Structure formats: structure tokens, C-alpha cells
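Everything numeric in this text was worked out from a predicted model, so none of it was measured. Below, chain A is the first sequence line, B the second, and so on; all start at residue 1.
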Amino acid sequence: NQPGAGPEPVGGAEEGAVKKTLVIGAAASLNEAFTELGRLFEAQNPGWKVEFSFAGSGNLKTGIEQGAPLDVFAPAAEKQMNELLDSGHIDPNTVRLFAKNELVMVVPQNSSVNSREEIIHLDIIAVGEPESVPAGQYAKESLTNLGYWEQLEGKLVFTKDVRQALFYVERGEADAGFVYATDAAKSETVRIVTPMPEESYQPVLYPIGILSNAGNREGAEMWVELVTGDQGQGVLSKYGFQKP
Amino acid sequence: MPGGFVVLKVKAEKKLGSMVFSFDLELPFGITAVLGPSGSGKSTLLKLVAGILEPEEGEIKLKEQVFFRKAPQEKKHYSLPPYKRRIGYVSQNYGLFPHLNVEQNITFGVQGNKPTVPVTKMLDWMRLSGLGKRRIHQLSGGQQQRVALARALMTGPSLLLLDEPFSALDNLVKNKLRQDLMGIHRELELPIIFVTHNLDDAMVLGDYIVIIDEGRVLQIGRKQDVFSRPNSIQTAKLLGVRNFIHGMVTGHDAVKERMFIDWDGKKLAVPWAEGVQLGQKVTYGIRGENINVVKTNQNQQLEPELTTNLFSAQIVDTVQGLMGYRLVLSFAHTSRKMEIIVSNAGYERHVKGKKEIQVIFEPQFLCLLR
Amino acid sequence: MPGGFVVLKVKAEKKLGSMVFSFDLELPFGITAVLGPSGSGKSTLLKLVAGILEPEEGEIKLKEQVFFRKAPQEKKHYSLPPYKRRIGYVSQNYGLFPHLNVEQNITFGVQGNKPTVPVTKMLDWMRLSGLGKRRIHQLSGGQQQRVALARALMTGPSLLLLDEPFSALDNLVKNKLRQDLMGIHRELELPIIFVTHNLDDAMVLGDYIVIIDEGRVLQIGRKQDVFSRPNSIQTAKLLGVRNFIHGMVTGHDAVKERMFIDWDGKKLAVPWAEGVQLGQKVTYGIRGENINVVKTNQNQQLEPELTTNLFSAQIVDTVQGLMGYRLVLSFAHTSRKMEIIVSNAGYERHVKGKKEIQVIFEPQFLCLLR
Amino acid sequence: MVFRSHSSASPGNLLSRIGTGCFLGIWFLFILVPFLSLFLQLTGFDMGLLTGSTLAIRAVTTSFTTTAVSLMILVVVGLPTAYLMAKHEGSLTRYGEVLLDLPMVLPPAVAGVLLLLAFGRNGLIGSLLAKQGITVTFSWFAVVLAQCFVAGPLFVKSAINGFRAIDPELEETALTLGKCPWQVFWQVTFPLALPSLTSGLVMAWARALGEFGATIIFAGNFPGRTQTLPLAIYVAMENNFALSMGLSALMVLISFFLLTLIKLLERKDAGRFRGAKG
Amino acid sequence: MVFRSHSSASPGNLLSRIGTGCFLGIWFLFILVPFLSLFLQLTGFDMGLLTGSTLAIRAVTTSFTTTAVSLMILVVVGLPTAYLMAKHEGSLTRYGEVLLDLPMVLPPAVAGVLLLLAFGRNGLIGSLLAKQGITVTFSWFAVVLAQCFVAGPLFVKSAINGFRAIDPELEETALTLGKCPWQVFWQVTFPLALPSLTSGLVMAWARALGEFGATIIFAGNFPGRTQTLPLAIYVAMENNFALSMGLSALMVLISFFLLTLIKLLERKDAGRFRGAKG
Ligand SMILES: Nc1ncnc2c1ncn2[C@@H]1O[C@H](COP(=O)(O)OP(=O)(O)OP(=O)(O)O)[C@@H](O)[C@H]1O
Ligand SMILES: Nc1ncnc2c1ncn2[C@@H]1O[C@H](COP(=O)(O)OP(=O)(O)OP(=O)(O)O)[C@@H](O)[C@H]1O
Ligand SMILES: [Mg+2]
Ligand SMILES: [Mg+2]
């Protein structure tokens, strides 16, 4: 992947055409996939410009509640979407699921751990804060169902997001961690030990929805089409996401 | 109150902590020396005129211009801000700007790049040539004092207020500066008020003298008048009078030129004074310089009226001073000692080697202190 | 160099900016007044002794104790830190602590709660009673100066260094403090070195005098010697000599008591001096106080040798001073004017009303300036 | 006083006063309104819940113990550092000062990452410590380190400034009065620099108390060990917004109380450098 | 100088010097090692990539324009505020000062939420503005506001301290020299307070540059508009750790350069308050 290849503004001021701007708030973990999709969108729809605000799903949610001028909301979990649906900020008819992720157990590259069972012998295990980080929530659910959670108490370090959990494993601060497959794929210094059994936790689904007061409903619908369509799914799978 | 057109009028009440100052004075055009004990309110007076302190009530006027006015009961007051008073003020601590060099300090108050005097000339005047680029902390105490003086002069003020402007200067530089100030005073018709503890400064430079004590004006007048007729013991002491004679009026001569007092049993002739009654207790002061030693063979030649005031005295102590000898004398009739000053020549001729001398208190030098 | 046991020895080279100071002096036990023009290095000398400044090289010793030693070529140096020098130092700006009140300032240097004098007594001495709880900025200039002095005295120092300790004080307080200091000096056998611009202070308080100019010692000696025999024009001027006579040696008398010089065509008798050759150009100085006015009928009685030194003079200017009159005289034979001081009595009797007077330059007051 | 006393005399001055008054108003409005919003937000929220909540009590305890220790370390290590930097001027000090400022520039999360890189199990220093069996990360002490790292420069910078502003003559005079450098420091330099020192300390304390990014990365989020108030607020914010605002309000109230206390103590010797004339 | 010159004389002093030297060492090690780790981390990372990347260039631009404008606002609004607070002492100023400190205490994310509550579309002031068609949130200006809110107190506090330390006699003297209060301020007060002002400004700038939490909540994360360097680093951290470290290093380098520049300018009139004796 190309580091830092942000969205190049297509065309330029010289073209002179007044562009309509689509503003998308998305979970930070969608950064690369969405950025690529944004370029695609702009190429396919001249006259449109896509702007992103990548932040934590919670931050985005707070922003939308306080009137952030967004058209599309794509958090990393259904929780925030549901809350915004309840408060009426999202148009319920537009909400779709567009991607699925998988929870995996990772260890540092040079770790000798090779199986899930060894987890109980480890000292520090990084998981997202179950209360606020979806990945943490899934990890807790999965580990509880598998019967490990109780035994791990005291060894768990809760992180403010998945990235932090991954970082701990990368740096060897944690002996193992539970992150999304997509995150694990980005890192060269961690090794996936095993995906967590699918049945041990609810499926990790990424919802997308259009804001009730979206300024550019037309574009927003086009964006949702793109993301849920074949082309979009192709790009997403490139970054490790599965079909919902 | 000295005569002439009133240039400065100060009538002000001011509180500072527990001190209450109550100044009331009018000054004609000239150079005024402010004298007074340490802590008496001299600096406070200058600050009130400069506008750095504001009275609780009163009136301060320079010529026709009102600096401050507030009647006792009124709530409103008028106060001309200090930067509109056009005053050259040198504070006791100089108040030099540490972030500016000497030249920048000196030209600080100059409006619109038109100094009254070119800076280099001013530096020259103040014997500061070559120090223009120095920072203030790189100067000696006396150099700093001159920078402050130069700075105040450069603004072309209409009144100069100097708080002990020569205290850190040697005599040579001081003499020169006193000359220059007198020149400036005359040329620019600039009234000057300066605080000093040095009587010589007051005498050489001042036209008028204001004596201040405990926040009040004790005496004010032409310098000759104040020096020769201090109106209280405190003033006299401040002006360097060290000898005091306490007595009782016993009579006066026919033409009312002289009175006589009883000085611890001896008769002494003093100048006649209006309003003094027979039997009244009085105090006279006389400077050591004005008590003269009688030449050994001179007493025959003395005018008769002076013989009354001739006294024999023992020399108790001799100190060689700068301009002569300081003798401490004791008298047979009184327990009080006197200090007299004898010139070098006079000492050599008429005192040296003697244990007892005769001194004369000329009535004209005896000054009644009420 | 004054005689006696050497108490303080300073031999130091110091650079400050472009100034180079090179002090070399030895002082016996006593009170020493340091005189010199503003900016000459007086404060620098005190700071070197106090240890606030450090010489580039040299040696500073108090009695047997070495304060500083560094030979020219050596790299190592020995320096006793200031806090071990047991020195009472009053700087020119007082250096009072703004965060402490008067009492706390005064007791600042007292070790282990045992002040040499109770604080209240010290406050009393310094005429500061009742001000103990005040902050420094609530004091007048002179009050601040006394706090600084009190603070230095409280530590029981073995040497007192005072940088213009009386500059902000009135005469009454000053006289008292001078007395006190002399008492302390004698009682505690405490050597004192003080800088002053006031000749009177030097004369009253000092035993020895050091004259400094441009970072060098010009003259050092007992006060009488220095005052009566300044060794250079600069020193003489500093000591208040205002009259200078430039002439050429023309001869001397038989007993080598007097020499004669040619003063712009007139013959003048001067004291005989070793090593002065015939035909040599010489300069003599004389104080205004020592030029005496001849009484109208006195010249017949004069000793013959004095008649040589009798000159007629026009009175050009008369200024009434504090202790007499200052007359400016011009002479027929020379363009130089002279300034003389006449006592009040003398003026009344022998000068008043006259345009021309006769003055006499007694040889003993004429001082050769090499 | 200088300015107050003459203002009534000139109308031009009055205008400029209104102008500056406006600035003051703008500034305070800008600060006041957000805080007002916070407390308005709380209407209906039962603050009593907080005092009973172990989460809140633990977070408050952790926050105040860690910041207290951080401040102590800052004073012990930062004060001599600042003093030496202020007294010795040279190119070394010059670049040293710049270095001192750098931690302030970093986004807190990056600061946390850097601390991990340095003191983590595989970090430059951390790996050495690990061999001795010492782990810094995820500990209470890590919170302190993170706070020191981000807040330290505020204190040291203020202190350097305070020390520099002191007239050296006062210190010299104290030396001649028989005080050794140590005594001079405590009896003259320190009290004279005190206003700068307290203000630096208050800034550092405030920064340390609000520290989140570096702490959560370097020290983790262990309730009762490393969960400071900001971390607790963060966790609450995602689930229970009202609780998070309640915690924030609690934090603001306690801080306001403490800061006011400090101000009052400071004022006890007010007017130290200024008298009636000031 | 005072202390340097005598140190050689006493061995006790030498000991204490070693002691304080140690403190200095600890402090610098503590700061230096994390930065060293950062640059070690970069081995192999091509910094050249950054200069070509629009992401980096846009973030740098946004960061420096916003902080520049924030500083300007701080100076324009904060300077008079500080001056008035310093000159007028009273209980109002006392509590005002405490209020001034409060934003520093808040965790940045809470600050962001409070700003939203106050200036958001539904906020106390924001709703009024919205009626006029003005939206503050999620704009470039929101970044500036967030920075002013969190960094302002640092500047104002330092400035108040600087103004308070000035000897009022100097200002009084300037008044008697014919300078109106306005001139006195610019020619005396301001230059004398300058060291405190620059140091406050540097602290505020550093804090504003590193600001993340309040910005991402109050201003959002829009590249080219509100995406400052810390926000870009945050996003990069999620996806490309090396890039985020590269961006951090870039930030540190630029800051170091700028801070050094300021120091050098400052030193041009060094020795202002201290001479040979200092
Ligand atoms: N801020 C203050 N609070 C209380 N008292 C004060 C304050 N400022 C000055 N004083 C007192 O007012 C008196 C007069 O002070 P001022 O400075 O006018 O004296 P001064 O005549 O100039 O004395 P000096 O010759 O020593 O300079 C002093 O006794 C001083 O202690
Ligand atoms: N830091 C410095 N840099 C350069 N020159 C200096 C410095 N400090 C003092 N000087 C110069 O050294 C000379 C001697 O200063 P010093 O303070 O010793 O004079 P002083 O004899 O005490 O004079 P005063 O009577 O005016 O106090 C002065 O000419 C002064 O300008
Ligand atoms: Mg005074
Ligand atoms: Mg001096």
C-alpha cells in the first residue's frame, strides 16, 4: 500500500466547474479503503468531490449529534449507528451493512505462541476497552464463550481503540492481542495465530447510513451504492474486509 | 512666603500608609531647594507635583495650568495626567530603563525626533561621552544618575523636579552640573525644584528654600532669609546650626536695636525682636563659623557693645576639618558645650597651643528660634 | 603608604568591559575613606574585596586571611567565597530584599538567632523605630539606606565596606550615624572602608584616605597628609582645591625654608621642596579658605616674609554661601581668577562695600602638585 | 494605580478602556460559555451518583495521587534543572532549552508512543530495565512518567524565566551576608522566583491532570491503577455521556477549588513587590 | 557568575554541583531518549516520501496556518486581558485568574465536547450564530477556536506574570517623560515583559500545534481543512505506523527549527538584564 497517498484533488481550479461536495464520516480503520473508493467515485462522477472525516466512531457520533455537516456515516460498529437511529439523526431507510470483519488473535512476530490455548500462560493481553471499543466487545464475548475470560482477568490491558491493541503487540508490550483481520493485515510485525471461531461472537458488521439532514442526499445515495456494489466490495476485500 | 509671581502652587493632602502629608506652598520663579530630614516627605512632594502620586484633595497648579484639583467634599476631581504635565522628573532611584542603552534612555522622552540638544552634546555635558551604547547596568552609580538627569532635560520640560540629583556625584562633576543647571534655568526660564541633603548644594544652586518635616512645610523663603533666620530649632539644626543658647529676656536698649537675655546667669546681647516680652524664655542659635575667636591683643580695640558678648572658654576638643579646625568649647557659666569652626590661618595665629581662648558672639549672628 | 600593621592588602587586576582596573594598596587598621571621580572604580574596589567580583589576577588579604590569590601565569587560583569572608557590605543601591520586611532584612545575615545587637536596638540606632514591619518599597530613600547599613552591621563582620553610606541622609541623622560608626569601629576594632563624595564625611570619619582615578590608586595616606598635600592636580581638585598657580622656580632662601617662583611675572614665596630644580615649571594649589583677606590697616603689621605674597585683587563676583562668602577675584598680573572664602564676620568687617581688596597667600598653605 | 488615576481626565483614554474591557469580555465569554454549557448539560444528572461510584472515587484518587507525585518529581528534578539553565548561559543551554520545549509540541498520543518506544519492554531504556526485572509500562508509575513528560516543560520553562528575572545584586548581597549558595537559593532566589514557580506549577499540574493521550498509551487503562479521571471520562463518554459530563464537572469543580486555594495562599503575601503606588 | 567563581574553593560545593549535574542529566535523558527512539524508529523510512505527499503537505499547512492565526488571536485578545488582570488587583481578578486556568485542566476531548456544547449548532452561542447562518463547528476556524481554548491560558498566565514583575517606577517615569499610557505600554511595559511573553507564546504555540482531542471533536478531521498534523498522525497511525512516525518526526524537526530560530532572535539582545556580573 502507498503510504500517505491522500486523495488528490481531481482536476483543479482551472477546470472551473463548481463541484458538489459529499462529506463522509467514517471510522478511522476505513481510511485506506474509503480513500481509494473516494478517488474512484470522483472519477466516475465528475462534478463531485468527496471529503472525509476519519475519526473514532464515538467521536463521529458525538459530532453528528452536535450538528457535524456530514452526509454519510460509516462507523466500525452497529452500536453508534443504532444510537443515532434512535435519536433520529440517521435516515432509517438508508442503513445498509457493507462489510464484515473477523476477530483474530495476534502475537508478536518472534513469539513462540502457536495456538489459542496458550493464551492462559501469557502475561499481558491487549484488547479494546469492551465498554467502548467494538473489537473489545467482540473479544470479550468470544473469550467468555470460549471460557478464557475469567482466567485472563488482571492480564488484560484495555485500549482506547484496536490500533492501540495492535501497537502493543507490535512493540511486544503485550504478548498477544485481539484485533480485526484487516488491522492485522496492515502490520508486518505481528503474526496471526488464529481467527476466533465465528460462532463465539456476533458477526462484526459495518453499517453505513445517510444522515436525515444530509445536504447532498443524491451523492450520498450514490456513495452507498458504490460501497455496497461490486466495485466497492472489490476494493474493500483488497483491504481484508469480507462481504457482510 | 517669597514674593514674586507664583509659579507653582501646591496645597495637597495625601495619605501613605499611616503617614499623612499636608503640603501648602507657593513658589515664585527660580530654583528651589527642598530640605528636610530623611523620611519627611520630600520625595512625596515631588511625586505629587509630577503626578505619580495623587493627593486625596487639594490643588496643584503650575503657572496658570491646573495639575490637580479636588475640593474636600466633592466627589469629582480633575487631574492632568503626568504625560501632559511637561515635567522633567528625576527620581531618587533614577528609574532608568534596563532594556535600553544610555542613548536610548536619554532620548526616550524626546518627541518627534527633535531633541532640544543633540544627544552627543548632552552626553558631553554630562561627562558621559563614549558611554552612549552601554547598558544601564554597565554604568557606575554616578554615571547612572547623570543619565537620569540628561533624560529629564532632553524633553524640554517646563518644570524640573530633581530628587537628590547630585547624591552620587563627585565635587568636580557636581560643580559643573550645578553651573550647567543654573545656565539652563536662566536661558530657558525653567523653574527647578530639587531635593537635597547637602547644604552647599542648596546654597549654591537654590534661590529659595523649602524646609519640610513630618509631611509639612516648616519654613519657606529666600535662601539667605532661611539660612540666616531659621524659624525653629528643628530647621536650624537641619541647616547646620549646632549651638543653641537658651535664656530669658531681661531688657533692651533704648533704640530697640538690641535686647539682653540672661544666659545661665550671664548677660548676652541679642538682636531686638518684635513681640518678645520681658521674662519670656527664648532660644537662640548660632553657627560654629560665626563664633569668632578674639585675637589675644584685640579686646582693647573692640567696640564697646561687643564686650558684653565676649566669653572665655576652655578648648575641650580639637578636630582638624577640611576647611579649618572644629573646636569644642566649654564655658564656666553653663554646662552646654559649643562647637566653633576656625580657619586654618586663624587657628595657626590665635588658637594653636592655647588651652583657653576668648570668643565673641556677635549679636547679628544670633538667631531667634521661635 | 600609611604606617602601621597592614590590615587589608589589595593588589588586583580586573577588566570590566573596556575598563582595566589595577589596584595596589595596603591599609592599616582604621577607617578609610575612598574618594574619586564618578566612574573611577571605587565601587569596583569594594566589590573585589567583598568577593562579588573576582580579579583576573592578584592578591587580596585581610589580616592573615587570604581572600584571593592568583599569580599572573598560573592557571589555578584560590578564592575564598564571599560568604566566608565575614564582610559587612553595603552596596550603592542597597540591595535590599523586596520579599522581606525591614526587620527580616536587618536580621537576614544573623547566624543562629544570635544578633550582635537586639533588632529593636538596631532600629532605634538607625532611627527606624516603628518601621520594622514595613516592606522595603514603603520606605523613603534614606530609610532604605539605613536598613542596608543596619543589615551589614548585624552580622558582626570583621571588615565593613560601605559604598556611599550617607548619600541619602540628612545632616542630623548622618552626624549621629558617623558618631555611631566611630564608636563601633573603636569598640569592636572593626576596620571600615567607605566610599564617599562628601569631603566632610571623609574628614570627620576617615583616618586614612585613598584617592582613586581611572581604576588606579592616585594617592593614599593619613587624611591630614592627603588633604594638606595632595600629590596631583586631579587629587587636589577632588579635594576641593579650586585655585591653581602655575609658575617657574626662580630661587630659594638660605635656610631652605622657602622657594620663590615666578607667577606670571610676580614673585611668590612657596614652601621649600626637595628635588625641585631652578627653572622647573611647577603648579601650586591653594584652597579658597586659606587665602586670607588682609585687614585694611593690617599690612603694616605683617611679618616681612609675608609681604612678598600680598596681592591686590578686584572682586569680580560675590556669592553668599552657607558658612561665609565666596568671592571671585581677578588679579592685575595674571588672567587666572581665584576663588576665596571669607567668613561672615570677616566679610562684614573687611570686604563689604569694597571693590578691591588685598589678599595674602601664606606659603604654608601653598601646596606643590607634582 | 498609574493608569487608573488619570483615566477620568481624558476621554480618549476612556475609549481605549472600553476597547480593552471588550477584549477582557470576549476572552472570558469564550472561556465561560463552554463551562456554563457543561453545567447546563448536567441538569437532571444526579451528581450524588458520582460520590458513591467506586469508578469515580478510584479515578479521582489515581488522578490526584499521580499528579501529586508528578509535581514532586518535577520540583525535585525540574527546579535544579531550571536553576542551572537560568544561571549558565551558553550555546549548550540554548539548545537545551529548545529540547526542553519539544515534548510540548507532540500530540499526546505520539508522546505516549515515544515513551513506549523508550521505556517499553523492548524500548531503548526499557529493555535494559526489563533485564533487571523492572517493568515501567502499564504501571502507576507510567502515569507519572507520562505526566512528567508532557507537563514538565511548562514548569521548567516558567521557572527558568523566573530565575532569570532576579536581580543578581540581591543574590550577591546575600552571599556577602554570610549565606552559602544553598541558603542564598532558598532565602533569596527561591522566594523571589516564587510567583513564576507557582504559576509554572499550576500550569504543569493542570496539564498533568488533563493528560489523556500519553497516559492511555503508555500506562494503559487499569481502573484503580492507571485509570485517571480523563481516562474514566473517556470510557464513560462512549457509553454514558451524562456520566462522562458528570465526571468532567466533578473534575472542574475540584480543580476550581484547588486553584482558588492556591490563589488565596499566594495572595497572603500579596503586594510583595508593589505597594500603594503599584 | 556568583556561584561559578567560588565553586572551585570548596569541595562541599563540588559535591552539590555533581548532584545538580545529575538532576540535569536525568531530566535531559528523560526527554532525549524518547526523541532518540523516534528517530531510530525511522531507520529505513524514506522521509522524502513525506515531502511529496499531499497529505503531509496539507496537514503541515493546516497546522501552521491555524496555529499562526491562533497565536495572533491570542496576542490581540490575550495581551490586553493579561495586562488588565496584572494591573488591577481585586477579588474579581483573583477568581478571573482561576477561571483562566480551568481550560488547562480539562482533558482535550472534554474541551472539545464543551466547545461543541457552547458553539455547536445546538449550543448556547452556536444556536444564536446558526440563526445568522454562521456555522463554526467543523470549520477551519473551529480548529483555531479549539487551539485558543486549550492553549490560551498558557500565554495569558505567563503574560500576567511578566507584567506583574515590572517595577512600576519605570512605567511612572515613562509617564513623566511625556509618554501616554499607550506609548508607555509599548515602549516600557511590553519590552520588559517580553521574555515572559515569548516564553508564554512558545508554550501556547507548542500546545496548539500538538492539540488533538479538542480539535477532532470540535472541528472534525477534514484533510485540507481541519486535518492538522496531529490528526493526520492519528489517521496514519491506524493504517500505517511508519508513516505516522515519519509525520511525527517531521513535526519535531520543524518545531525544533522554529524554536531554535525564536531562541536565536531572543538572544540577539541577550544580557539585557544581566551584565558581566550576572
Ligand atoms: N507606600 C508607603 N506606605 C507607607 N509609608 C510610606 C510609603 N511610602 C513612603 N512612606 C513613608 O512616607 C514618608 C515620606 O517618604 P518620602 O519618600 O517622601 O521621604 P523623603 O523625604 O524623600 O526621605 P528621604 O530623604 O529619605 O528620601 C516616609 O516616612 C516613608 O516611610
Ligand atoms: N559591566 C560593566 N561593563 C563595562 N564597564 C563597566 C561595567 N561595570 C562598571 N563599568 C565601568 O567601570 C567604571 C568603574 O565603575 P565603578 O562602579 O567602580 O565606579 P565608581 O567609582 O563607583 O563610580 P560612582 O562614584 O559613579 O559610583 C565605570 O566607568 C563604569 O562605566
Ligand atoms: Mg526621598
Ligand atoms: Mg560607585
Chain B neighbours within residues 161-170 of chain C, where any heavy atom lies under 4.5 Å away: E164(C), S167(C), A168(C), L169(C), D170(C)
Between N175(C), T44(C), D200(C), L139(C), who has the most heavy-atom pairs with chain B when the cutoff is under 4.5 Å? N175(C)
Student check: side-chain heavy atoms of S18(C) and R134(B) closer than 4.5 Å: yes
Does the side chain of R146(B) pick up a donor-acceptor pair with the side chain of S38(C) at under 3.5 Å? yes
Interface moiety of L172(B) toward chain C, non-hydrogen atoms closer than 4.5 Å: side chain
Can you say whether N344(B) sits under 4.5 Å from chain C via the side chain, the backbone, both, or neither, judging by heavy atoms? both
Shortest non-hydrogen separation from Q143(B) to G39(C) and the atoms involved: NE2-CA, 3.7 Å
Given Q224(C), R242(C), K42(C), the one with more heavy-atom pairs under 4.5 angstrom with chain B than any other is R242(C)
Pairwise side-chain contact, V319(B) with V204(C), heavy-atom cut-off 4.5 Å (strictly under): no
Is there side-chain contact between N171(B) and L238(C), with at least one heavy-atom pair below 4.5 Å? no
The side-chain hydrogen bond (donor to acceptor under 3.5 Å, both in side chains) partners of D317(C) (sequence neighbours excluded) come to none
For the candidates N290(C), V173(C), I341(C), which exhibits the highest count of non-hydrogen atom pairs separated by less than 4.5 Å from chain B? N290(C)
Taking C-beta and beyond as the side chain, do H197(C) and K174(B) meet within less than 4.5 Å on heavy atoms? no
Engaged part of Q145(C) at the chain B interface, taking heavy atoms whose separation is under 4.5 Å: neither
Ignoring hydrogens, what is the shortest heavy-atom contact between A345(B) and E362(C)? Give both atom names and the distance. CB-OE2, 3.7 Å
So what's closer than 4.5 Å to chain B heavy atoms on R127(C): side chain, backbone, both or neither? neither
